Amino acid sequence: MEVSASDRELIAVMRQYFAAKAELESLKTQLEAARQAAGEAIGVFYDPRQNTEHAADLQRSHRLREEMASLMQRAEAWGRAASGADQHDRSEAEAEPEEWQSFEKRADALFGA
């Protein structure tokens with residue numbers, strides 16, 4: 001099976017997405033451990049203006065979320081384009097179950113989150 005340039009681009013986007021997701025999960029775990037150790041309230045600890053010690057990590061977590069959203073939008077656009085091209089080859093009954101699943105769940109299954 002030959003992989004098209006478009007498919008390779010999607011794979012690269014999804015790899016970036018899952019790398020960002022893994023980094024965000026690790027960062028969230030570290031931040032929550034630091035919050036609990038400090039005994040800080042959630043609203044105070046997670047506000048970079050009030051928590052200068054962890055402000056860089058808090059801002060990084062926001063950037064990672066934005067990056068993930070952007071990458072998912074690119075992947076969804078690719079999926080819509082591919083779906084439109086393939087739709088005439090599929091019956092309605094075959095298409096429904098896949099459409100019911102969110103794209104992120106399908107991506108997790110395909111690319112192993």
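Keep in mind it's a predicted model, so treat the numbers as computed, not measured. Only heavy atoms go into these numbers, but all of them, side chains included; no hydrogens, no water, no symmetry mates.
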Spacing of [atom1] belonging to [X] relative to [atom2] belonging to [Y], to within rounding of 0.5 Å:
X   : Y   : atom1 : atom2 : value
Y17 : L24 : OH    : CG    : 9.5 Å
H62 : Q59 : NE2   : CD    : 8.0 Å
I11 : Q16 : CD1   : CD    : 13.0 Å
I42 : R35 : CD1   : CZ    : 4.5 Å
E76 : R80 : CD    : CZ    : 6.0 Å

Review item, side-chain donor-acceptor pairs of residues 64-73, under 3.5 Å, at least two apart:
none

Once side-chain hydrogen bond (donor to acceptor under 3.5 Å, both in side chains) is applied, do any residues pair with R49, and if so which ones, sequence neighbours excluded? D47
For residues L58 and Y46, determine if any side-chain heavy atom of one lies less than 4.5 Å from a side-chain heavy atom of the other. yes
Please name the pair of heavy atoms, one in P48 and one in A55, separated by the smallest distance, quoted to 0.1 Å. O-CB, 3.6 Å
Hey, does the side chain of T29 reach the backbone of E25 with a donor-acceptor pair shorter than 3.5 angstrom? yes
Residues in side chain to side chain contact (heavy atoms under 4.5 Å, CB included) with A34, at least two apart? F45, H54
